[in-house]
Structures are given as C-alpha cells and as structure tokens.
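Comments concern the structure below.
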Amino acid sequence: MPPTLPPLLKDKVIVVTGGAGLLGRAFCQAISDHGGVAVVADVDAAVAQAVATGISIHGGRAEALPVDITDASSIQALIGAVQSKWGRIDAVVNSAYPRSQSWGAKFEDVGYADFCGNVASHLGGYFLVAQQFAVYFRASGGGNIVNLGSIYGTQAPRFELYADTPMTMPVEYAAIKAGVIQLTRYVAQYFKADGVRCNALSPGGIRDRQPESFLAQYASHCGATGMLDPADVAGTLVFLLSDASRHLTGQNLIVDDGFCL
Ligand SMILES: NC(=O)c1ccc[n+]([C@@H]2O[C@H](COP(=O)([O-])OP(=O)(O)OC[C@H]3O[C@@H](n4cnc5c(N)ncnc54)[C@H](O)[C@@H]3O)[C@@H](O)[C@H]2O)c1
C-alpha cells in the first residue's frame, strides 16, 4: 500500500479577502476541503458569515471576519483577530473586487475621478493587503501571498466578444490587473530573503449567467470548456497555497482553458 499523503493545506490558516464573492467562496471551500482553515474576510459581513456557516455545517473549518481592503487599520484588526484566534496565519489571498458605481462604462465615458478611484480601491487595496500581511509574515518567520490577476492584465482585450452585449472590458480593469501582476513581482523580490512568497493567479472569464451567444463566442478561443466555473480555478489556488509550490515566487499562473494562446 502506498503511504497516504496528508491533505495539501493541512492546518494552514488562510485569509481570503473578498471571501464572500464568486471566486472567493469557491476558494474558501477548497481551502477547507484540503484541510485548511478558511478565513472569509469581506466588507459584506452578512454574506461572509453565510459562506463560513455553509462550510462549517459540512464539517469544514471556516470563520467570517469583516475587512475593508482600502483601510490599513481594518486590515490590522483582521490580522490581529486571526492571530489571536488561530495562533498563526500562513497565507492571504487578495480576491476582493471593489468597483465604483460607474464601473463598466465605455472608454469614452470613463471620468478621471472614476478611473483614479477604481485604481485606488482595487490596485491600492491589493497593495495595502500585501504590505500589511508581508510585514506580519516577515516578523513571524514567513508566509504566502496570492493576488488575483486576470487574463486582461496580460493581453489586449478581445472587444469583438462584447459587441452584441451590454458588457465591456473596462479600461480601469486592464490597468489594475497589469498593475497587480507587476506588484506581485515587486513584493516577491522585496521579501524574497524573508521566507515570504508572492504569486499571481490570473483566471480567464468565469461563468456567471452571461448570455449564451457570448459564452459560445468566448469558447471559440478556448479548449474543451470555454468559460470556467470558480471550482475550475480553485485547484491552482490550492497548489499556490501548498508546500508543493514552495519554490515558486513572483510568478503569474494563467488558468483560462487556452483563451490567451
Ligand atoms: N469573475 C471573473 O470572471 C474573474 C476573472 C478573472 C479575475 N477575477 C478576479 O478575481 C477576484 C474576485 O472576483 P469575483 O468575481 O469573485 O468578484 P465578486 O464581485 O463576486 O466578489 C468580490 C467580493 O469582494 C468584496 N469586496 C468589495 N470591496 C471590498 C473591500 N473594499 N474590502 C473587502 N472586500 C471587498 C465584495 O463584497 C465581494 O464579496 C477579483 O480580483 C477579480 O478581478 C474575476
């Protein structure tokens, strides 16, 4: 009989910002499924609590805590609460998705204040979480940061896919996600000697009630699947959070069923 391997995330305490979101809740579930403790950290405390309860009633370990990623004192309070309850933090996943009211406007209609506001809350928030956690990790002997990027942080938008839909690919998103991927390299390099690693995970489009015609167009650029479900991306996150990737830092892993090729 081959030896039974321990779960990939056995007893790791992992904070997921935006843990109540579409991807965040799948990430929290996967963390719990692989033996870890998922801290569902979100500005929406009620949904975060529902996610944590849903995991716990099926025997997993999860806890909901409030956080606003644009507020350093809120991030500090989160770190303090997790540290005092669980005695450790192994990793943080930057998966929150702040957007302004006007998010999704056409390029010509994006105002300066909205552009700057979205870059500040999303890219700025990811910076703040990475900064606050990296300093904590350095002081506690090491840690792991995963930032959510996107295919649209690495390649030009395929605008033709959106032509017959009310959707677009916002200009802020391109700037934010390219920034997140480069922020990832910066943090990885800055903390390389401190046992703190930092990687980006860049999903392609995630299935979320988009029109069928759009899904078909999108799928024509992909392999067998097209748009992915959140659970399709979670396996790569588990790898990045696990010791199986312990020598991987400063990288961006694209999970998109071949869309970018
Ligand atoms: N959904 C996709 O198709 C897709 C594709 C590629 C990358 N991504 C990236 O994945 C990440 C998660 O996306 P999603 O689709 O799960 O988003 P979502 O909108 O479903 O969830 C985002 C969560 O972030 C929370 N949030 C918003 N502002 C916050 C703040 N200031 N502080 C803390 N929490 C805050 C929201 O309450 C929400 O629960 C984002 O970085 C997004 O850009 C998403």
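For ligands, and for the atoms within them, numbers begin at 1 and follow the listed sequence. Given the structure is predicted, the values throughout are model-derived calculations rather than measurements.
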Fill in: F107/F115 aromatic ring centres below 6.0 Å
no
Notebook entry, point to check: In terms of the angle between their ring planes, are F259 and Y152 parallel, tilted or perpendicular, with boundaries placed at 30° and 60°?
Noted result: perpendicular
protein heavy-atom neighbour closest to atom 16 (O) of ligand 1 works out as L23 N, 2.8 Å
Here the pair of heavy atoms bringing M169 nearest to A174 is CE-CB, 4.0 Å
All heavy atoms of S95 vs all of V16, minimum pair found to be CB-CG1, 4.3 Å
>> Below 4.0 Å from ligand 1: does a non-hydrogen atom of S121 turn up there or not?
In response: no
Judged by heavy atoms only, the candidate from P203, G153, P98 nearest atom 27 (C) of ligand 1 is P98
among protein heavy atoms, the one nearest atom 15 (O) of ligand 1 is L22 CB, 3.9 Å
- Task: Examine ligand 1 and decide if any of its atoms is less than 4.0 Å from a heavy atom belonging to S95.
- Result: yes
**Item:** More than 12 heavy atoms from other groups under 6.0 Å of CG on D164
**Value:** no
Check: of Y126, Y97, Y173, min heavy-atom distance to atom 14 (P) of ligand 1 comes from Y97
Under 3.5 Å, is there a donor-acceptor pair between the Y218 and Q210 side chains? no
*Just wondering, more than 12 heavy atoms not from Y190 lying within 6.0 Å of its OH?*
no
For atom 31 (N) of ligand 1, the closest protein heavy atom turns out to be D68 OD1, 3.0 Å
Atom 21 (O) of ligand 1: closest protein heavy atom, distance to 0.1 Å, is G21 CA, 3.2 Å
A student checking ligand 1 against K177 at a 4.0 Å heavy-atom cut-off should list atoms 40 (C), 41 (O), 42 (C), 43 (O)
min-distance protein heavy atom vs atom 26 (N) of ligand 1 -> V43 CG1, 3.8 Å
side-chain contact (heavy atoms from CB on, under 4.5 Å) test vs F137 passes for just one of V196, I79, D194, namely V196
Atom 3 (O) of ligand 1 has as its nearest protein heavy atom I206 N, 3.1 Å
When distances are taken from atom 19 (O) of ligand 1, the protein heavy atom at minimum range is R99 NH1, 2.9 Å
query = Is the closest heavy atom of G204 to ligand 1 under 4.0 Å?
reply = yes
Min over D42, L201, V40, T70 of heavy-atom distance to atom 38 (C) of ligand 1 lands on D42
message = Closer than 4.0 angstrom, basic N to acidic O: yes or no for K10 and D90?
response = no
Can you confirm whether Q101 is buried at CD, in the sense that more than 12 heavy atoms of other residues, nucleotides or ligands lie under 6.0 Å from that atom? no
Near V67 (heavy-atom distance under 4.0 Å), the atoms of ligand 1 are 32 (N), 33 (C)
Note: ligand 1 atoms sitting under 4.0 Å from heavy atoms of G149 are 7 (C)
Report yes or no: does M227 have a heavy atom closer than 4.0 Å to ligand 1? no
the protein heavy atom lying closest to atom 32 (N) of ligand 1 turns out to be I69 N, 3.0 Å
- prompt: Does the pair K12/D243 count as a salt bridge with the N-to-O cut at 4.0 Å?
  reply: yes
